[in-house]
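All remarks here apply to the structure that follows.
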Number of protein chains: 2
Amino acid sequence: MTKTDPSRASVTLKDVAALVGVTSAAASMALAGSSRISQKTREAVKKAADDLGYVPSAAGRALRNQRAGAIALIVPNTSKHVFGHSYFMHVLTGMSTEANIRDLQVVLSTTTEQAGDVAAYDRVVRSRSADGAIVTSAAVTDSNLEDLVASGLPVVLIGNFPYLPRAVTVGIDDVAAGREITEHLLAQHGCTRLVHVTGPLDHQTGIDRRDGFLAAMDEAGLGDQAVIVEGDFSEEAGRAAVETLLDEGAVFDGIVFANDDMAFGGLEALTARDIPVPGGVPIVGFDDFGLSRVTTPGITTMHTPAEEMAALASQRLFDLIEGVENVPARSELPVRLVARASCGCLPG
Amino acid sequence: MTKTDPSRASVTLKDVAALVGVTSAAASMALAGSSRISQKTREAVKKAADDLGYVPSAAGRALRNQRAGAIALIVPNTSKHVFGHSYFMHVLTGMSTEANIRDLQVVLSTTTEQAGDVAAYDRVVRSRSADGAIVTSAAVTDSNLEDLVASGLPVVLIGNFPYLPRAVTVGIDDVAAGREITEHLLAQHGCTRLVHVTGPLDHQTGIDRRDGFLAAMDEAGLGDQAVIVEGDFSEEAGRAAVETLLDEGAVFDGIVFANDDMAFGGLEALTARDIPVPGGVPIVGFDDFGLSRVTTPGITTMHTPAEEMAALASQRLFDLIEGVENVPARSELPVRLVARASCGCLPG
DNA sequence: CTGAAAGCGCTTACAG
DNA sequence: CTGAAAGCGCTTACAG
């Protein structure tokens, strides 16, 4: 069957070395392929390692190399609610792909307390459970992030952090993307009185997408018509925004939601009030993490390449860990408008 | 600001000990709260550790304690496609919650190759990157799993593995659940000619849900009417199953899909052929990982408590790692039928 | 060229 | 009672 020893006790380098009759130092070099060790010994050691099912101890290596061989994803408690399951799974997929290539582990660090977001990061890196970390979705108000970046520990942020110019970040151009999808409703669907339901305005994503919306409205000479309703990325916020608008008798001919979850909540609210989408009110969302494809109507959205962002962030992180010079501080990936039925592009 | 030293070099026990003027052994005991160390020294050491921002080295501890302080989730490459993003995120959430309570890390191990599923697991545990692992969604045909369980390494399987009686597993009663949701269509909606679109039949989940369907049909005296179409849990399989049925002119008055993804694919195919759901054909799915709530109509389904399963699996794993005797080999969590519009229970 | 010590950071068993 | 060595598993710098 398998060659691995099924016994519980773990096989160390010493066991391998003893089987061949060399020191563990020699065995180590042999497995590393050092030319210092004769080819014959090298092969004997490799065979012995194979036969015994030897796998190097992560702890032994980490201690000796001062390198954990792992990268961490920090998921602050709050952001799990804000960004949702699918976002983080895309991020984990991107990280895992890159980590696998380099034979590194991925450790997941979720925060329990509200306040301890950075403490969580700090613990992971200072305990050297991971050689660096990817942090995503931090709030603008989170001042600790600044100390973190200044500390010089390897960290890559996913998102946009204009107030942290020295941080290495990977993201998209939310302003341009927000403008583009707004222009879509204006130019392709003849909307003139648009509402924007924002994300949380203590997150740069929320701010930028709103600014993109306002820029598009201004450029179209419709700045006066622009209505802003503050949301928080939750489905419930989208629903509440629509209900409030309708209750107040607001006049509008389209809604730009800052993400798909809110667009879905809004869609349900509109449908519940017998306002057809897109016939009565065309709407658009943002993200395309999965939800927007499966609703009826499908939600027109800006595809945010979360997995690719995470993959690139991982590469940047590896560079930081390895001490590569001149790692680009900012990388932006392209987004792409995905036209579906909610704006009127596709048949319902 | 923070008390932590922002310098890159990490603080070791030796640094803490030096600051107080004791040996690192004494500092270790002081931090552990040993009564061997005078209260005064204990406090001084704790203060010094605090001031320096000392965090114990994971590698040092792991090597000394022969314990990684981490548990792993193994995600075989194939199962990512089979079970989808949301399932694994539920599992990770459940694991993280339990791991946080015990101050353990969660490491994520995704397999690259097709064949190397167990090798991946093996590497993680043998390298002692993790003290044990949770493995989910393994195929019945994966004979390596048997060796794995026999090896005595701490592992908990999520799912049902009747051919591995010695394995510690956490799951649901898929047969009973499959029967229950089938009975719902029979008893509540008067269906008599039901189709079942199965999951992959090399996974126990696929087999069990099918058997539950057949049992319900038999008990209702409708065994002759039961039609089985083999699927694989993918949306595309659900779509293809419906198209084939319609093309062949099959006669049926309801469909039991073995999961929600297939139900969604089937729903789209029915809608595309102008067959209203539930008016033309009532359908039900299985899982309730997120999708079934957001479709139109919402899909009636059996709620599978993935997060709770993962939490319980984690607890079982901790017990195995700690050598607790008589860890229950099998735990089953209750499922719950969630009635939505696709069967006709709720208004569209 | 090669053998074997030293040391990464930690904690406990041992010596005094 | 307390000081300090030993050793977890590994790899490299050093001694011979």
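Hydrogens, waters and symmetry mates are skipped; everything else that's a heavy atom, side chains included, is used. Chain letters run A, B, ... following the sequence lines, proteins first, then strands; residues in each count from 1.
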Query raised in the report: With the threshold set at 4.0 Å, does a side-chain nitrogen-carboxylate oxygen contact exist between B:K47 and B:D51?
Result: yes
Report task. Mark yes or no for a side-chain to base donor-acceptor pair under 3.5 Å between A:R64 and C:dG9, with no hydrogen or angle criteria applied. Result -> no
Report task. Assign each of B:A59 and B:A25 to its nearest nucleotide of DNA chain C by heavy atoms, then name whichever residue's nucleotide is nearer the 5' end. Result -> B:A59
Requested in this report: Please name the pair of heavy atoms, one in A:Q105 and one in B:S129, separated by the smallest distance, quoted to 0.1 Å.
Outcome: NE2-OG, 3.6 Å
Report summary line: Separation of C:dA5 atom P from A:L13 atom CG, nearest Å, is 16 Å
Query raised in the report: How about A:T110 and B:N100: do any of their side-chain heavy atoms sit closer than 4.5 Å?
Result: yes
**Report entry** Spacing between A:R42 atom CZ and C:dT2 atom C1', to the nearest angstrom
**Finding:** 15 Å
Report task. Select from B:S38 and A:S28 the residue whose nearest nucleotide in DNA chain D is closer to the 5' end of that strand. Result -> B:S38
Query raised in the report: Within the distance-only criterion (no hydrogens, no angle test), does the side chain of B:R102 pair as donor or acceptor with the backbone N or O of B:E98 below 3.5 angstrom?
Result: yes
Query raised in the report: Is there side-chain contact between A:L333 and A:L312, with at least one heavy-atom pair below 4.5 Å?
Result: yes
Query - Atom-to-atom span, CD of B:Q66 to P of C:dT12 - whole angstrom - result: 13 Å
Query raised in the report: Hey, is the side chain of B:R128 pairing donor to acceptor with the base of D:dG9 inside 3.5 Å?
Result: no
Query raised in the report: Paired with D:dC14 by Watson-Crick or G-U wobble geometry, both distances under 3.5 Å: which nucleotide is it?
Result: C:dG3
Query raised in the report: Within this structure, what is the CD1-to-P distance between B:I37 and C:dT11, rounded to whole angstrom?
Result: 13 Å
Query raised in the report: What nucleotide among D:dA4, D:dC8, C:dC10 has an atom nearest to a side-chain atom of B:M29?
Result: D:dA4
Query raised in the report: Can you tell which of C:dC10, C:dC8, D:dG3 lies closest to the side chain of B:R36?
Result: D:dG3
**Report entry** D:dG7 and C:dG16, which share atom name P, separated by this distance in whole Å
**Finding:** 15 Å
**Report entry** Whole angstrom value for the distance that separates C1' of C:dC10 from CG of A:L63
**Finding:** 8 Å
Query raised in the report: So does B:R61 get a side-chain nitrogen or oxygen closer than 4.0 Å to the phosphate oxygens (OP1/OP2) of C:dG9?
Result: no
Report task. Find the distance A:D15:CG to D:dG9:C1' and express it as a whole number of Å. Result -> 11 Å
Query raised in the report: Roughly how many Å is it from NZ in B:K14 to C1' in D:dA5, rounded to a whole number?
Result: 14 Å
Report summary line: Whole-Å distance, A:N65 CG to D:dC10 P, equals 11 Å
